Amino acid sequence: MASNVDPPYLLRGHGKLGNLGLRPRIALVSTLRDVQDQFLLWCEWFRIIGFAHLFLYFDDEECDQASIEAACSTYSADFLSIALNTPQLREEWASLRTWKQFSVFTEDRMCRQLLNIAHALKRAARGEGPEAVDWMFHLDHDELFLPPEGLQAHTLTPFLDVSLFKVPSGRVAKTPLGAAGMNFWAQRTKAGTHFLYYDNGKSAVRVRRNVEIAPTSVHLLYPPEDLEELITKRQAWTNFPKHELADMELDWMISCHDEVVAGAKVLHYPATHYDRLFRKYLHLGNFPAVRFGGELVIPASFHLEARDEFLKYDDQESRKAKLKELLEKAAFLQTEAEVQTQLETGSVVVIDTVRETLRAGRWVPPRQLRPSAASWALRRPSVQGMERLQRMRRQAAEVLFQGGGMLRDLDAALDTIAQRLQTHGWVACELGAHRKLMERAVQEAQGLKSRMSRGSTVIENHILDPGMSNDRGDQVLFMEEQGLTGPEAAKGPAPTLALLNSALADVGFQLDQRLQKTMALRLTERCDGMLSCYGPENGGYSAHVDNADGDGQVAGRVLTAILYLNAGWDRQDAGELAIFHPEKGDIGDADVQGRWHMVHPEANTLVLLRADQTLHEVRSSRAERFAISVWFCGQHAEYGGS
Ligand SMILES: O=C(O)CCC(=O)C(=O)O
Ligand SMILES: [Fe+2]
C-alpha cells in the first residue's frame with residue numbers, strides 16, 4: 001500500500017466514494033485556499049464526470065481544516081489525495097526541475113501553483129497506485145471542466161446556482177450584434193476587459209512514466225524537451241482559434257477545434273458573491289502589480305480595480321459595501337431584459353448542466369436549445385405538407401466549378417460556396433480531385449462493406465431502434481470509430497477515404513470564418529466522417545432535414561458535406577440526391593412553393609447543405625452508390641452560444 005510509505009504532508013481519502021473507473025485515467029491538480037462551502041460540490045462534480053484522481057495541494061491548511069476533513073472522510077484513496085504546504089513538501093519542491101527558476105518567488109501564489117503542478121506530475125509519472133494517471137489537468141477551485149456533450153444573485157454555492165456564463169471574446173460573433181455585446185461588458189469596468197479575471201485558457205498534458213514535466217506557465221503544460229517533436233508531429237493542440245495564436249505566441253500549437261469536442265469548456269466562477277471577493281482582497285491585501293521580479297506585469301484589470309477599491313477604505317464594512325457595488329456593476333445583469341439582450345448578442349450563454357448534475361447526483365447532459373431557438377429549428381413539413389412538396393417540379397441541380405473543380409481556386413470557390421449557403425442553404429460543386437483517387441476510394445469502400453451496418457436515425461440524442469426507422473436504406477460506417485483515420489490511416493485499408501474525409505473537414509473549417517461573417521454562423525465541431533452505401537436491395541432515404549430538432553443540444557449539426565465517390569456513374573441507375581429549394585415561404589409553411597434540384601451521385605461531386613434547414617432525399621439506386629458525409633456542429637450567434 002502506498003500509504004505505508006506516504007510522506008507526512010500527504011493525506012489520503014478514507015471515505016467510501018471512489019472514482020468511476022473510466023479510462024483514460026484523467027486527473028486534476030489544484031492548489032487551494034479558503035475553499036469554503038463550494039469545495040465538496042467541486043470534488044463531486046469531477047467525480048461524477050469521470051475524473052480518476054484529484055491531486056490537491058492545500059496552501060494554507062489552517063483556513064481549510066474542516067473542508068479537508070470532510071473531503072477525506074467522503075472520498076476514497078482512489079480518488080483523493082491531499083498534500084499540505086508543510087516544510088517537508090517545500091523540501092521536495094527543491095528537487096523539481098524548475099526550482100532554480102522559481103525558488104526566490106515562492107511568496108507568489110502562482111509560483112507555488114507551478115511547483116505543485118510539477119510535484120503532482122512527478123508523482124503521476126512514477127505511476128504507482130491511484131496516482132498512476134494518464135492525463136493531468138490544472139484548474140483552480142472556482143473552475144469546472146465541462147465535458148462534451150437566469151438572473152444572477154450573489155451566491156456562495158455557485159455550482160448549484162449559476163447558469164449564465166460570459167462567452168470568451170474570441171468566440172463572440174464578429175458581427176455588429178456581437179460587438180454590441182462586447183461593448184456592453186467593456187463599459188462596466190475601468191480597464192474595459194471582457195473577462196473579469198483571465199481568459200488565457202487551461203491546459204492538460206499526457207503523463208509519461210518517468211518523464212519529469214515542470215511547467216513554467218500554469219496555463220500551458222508540456223514537456224519542454226518534446227517541443228520540437230510536438231511541433232513536427234503536430235501534437236500540441238489548442239482550441240484557441242487559429243488567428244489568435246500569433247498574438248499569444250502560441251503559433252507552434254495546432255488550432256484544432258474540429259478535434260476538440262465542441263461542448264468542452266472550462267467554466268470559471270471567479271466572483272459570485274461580494275463576500276468571496278472581500279475575502280480574496282483581505283487575503284491578498286496590497287499586492288504588487290508585478291510578478292516574478294518584474295517579468296510579469298499585471299495589466300490594468302478588474303483585479304487591480306478591486307484591489308484599489310478595497311484599499312481606499314479602512315473599515316471592513318465599507319470595503320464590503322464597495323466591493324458589492326463594484327461586483328454588481330461589473331458582473332451582474334440587473335434585469336431579465338438585460339439577460340435576454342446579452343443572450344441575443346452572444347456575449348453570454350446559459351449552461352445549466354452543472355447545476356442539474358449536482359442536484360441529481362449523476363450526469364445530466366446539456367439541455368436542449370432555448371425554446372425560441374428550438375421552435376426556429378423545428379421547421380418540418382407535416383405529412384400532408386410533404387405529399388404536396390413531393391408533387392412539385394424537379395430539375396437538374398446546377399453544379400458549380402464544372403470542368404476543373406473548386407480545388408483550382410479554392411479561396412474564390414469557398415467565397416462562392418459561403419454565399420450560396422447564405423442565399424440558398426445548399427450548393428453542389430465539382431471538387432476536382434484526380435479521377436484515379438476517386439477510383440481508389442470506391443475500391444476501398446467496397447472492401448469495407450462487410451464492416452458497414454444499417455444507418456440509424458438519431459432524434460434528441462437517442463438512436464431510434466433500427467427496426468423502427470424504415471425511412472432509410474443505407475449501410476454505413478463511421479470512419480474514426482472504425483480506426484480508419486488519423487496518423488495510422490496510411491497503413492490501413494482506406495488511406496484514400498481517410499484523405500478525402502479530412503479534405504471534407506478542411507473545406508468545412510475553411511468555410512467557418514466566411515459563414516461567421518455572412519450568416520453569423522459558427523462551426524464548432526466536426527462529427528466523425530460517415531461512409532455510406534445505397535444499393536439495389538435497399539431503397540433510398542425519404543425526405544428529411546438532417547438536424548430538424550437541434551440534435552437535442554445547444555450546438556447541433558448545422559452543415560452537411562457529402563462527397564460522392566462513384567466513378568463512371570451511369571445516370572440510368574438513378575440514386576439522385578434531391579434537394580428541395582423553397583422559392584416562396586418556408587418548408588414548414590402550408591403554402592410553401594419551390595422545386596426539387598436533382599444531383600447525380602457522380603465521383604467528385606460535393607454537396608454542402610444546411611443540416612438544420614434543408615429538406616433532401618435520396619432516391620433509390622439501381623447500382624451500388626458510395627458517399628462520404630461529414631457533419632459540422634455549430635451555433636447561430638443569436639442563440640448566445642460559445
Ligand atoms: O448520400 C446522400 O446523398 C445523402 C444522405 C443523407 O441525406 C443522410 O445520410 O442524411
Ligand atoms: Fe440527410
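Everything numeric here is computed off the predicted structure, so don't read it as measured data. Ligands are counted one by one from 1 in listed order, and the atoms in each one are counted from 1 as well.
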For S542 and E617, does a side-chain donor sit closer than 3.5 Å to a side-chain acceptor? no
Side-chain donor-acceptor contact under 3.5 Å, N566 with H600: no
Test side-chain contact (heavy atoms from CB on, under 4.5 Å) on L521 and V558; report intermediate values, then the result. CA-CA 9 Å; L521 183 69; V558 293; 4.1 Å; yes
R451 and Q482 side chains, donor-acceptor separation under 3.5 Å: yes
Enumerate, one pair per line, all nitrogen or oxygen atoms of ligand 1 lying under 3.5 Å from a protein nitrogen or oxygen, stating the separation to 0.1 Å; write 'none' if no such pair exists.
unit_1	atom_1	unit_2	atom_2	d
ligand 1	1 (O)	R625	NH1	3.0
ligand 1	3 (O)	Y564	OH	2.5
ligand 1	3 (O)	R625	NH2	2.7
ligand 1	7 (O)	H544	NE2	3.2
ligand 1	7 (O)	H616	NE2	3.0
ligand 1	10 (O)	H544	NE2	3.1
ligand 1	10 (O)	D546	OD1	3.0

Which protein N, O or S atoms lie under 2.8 Å from the Fe ion (ligand 2), given by chain and residue number? H544 NE2, D546 OD1, H616 NE2
Separation between CZ of F401 and CG of L407, rounded to the nearest 0.5 Å: 10.5 Å
Distance-only donor-acceptor check, side chains H424 and H581, under 3.5 Å: no
Indicate yes or no: at least one non-hydrogen side-chain atom of W45 is less than 4.5 angstrom from one of F159. no
Would M479 and M530 count as a side-chain contact (heavy atoms from CB on, under 4.5 Å) here? Give the steps. CA-CA 6 Å; M479 300 199 35; M530 180 181 90; over 6 Å; no
Using 30° and 60° as the class limits, which term best fits the ring planes of F509 and F632: parallel, tilted or perpendicular? perpendicular
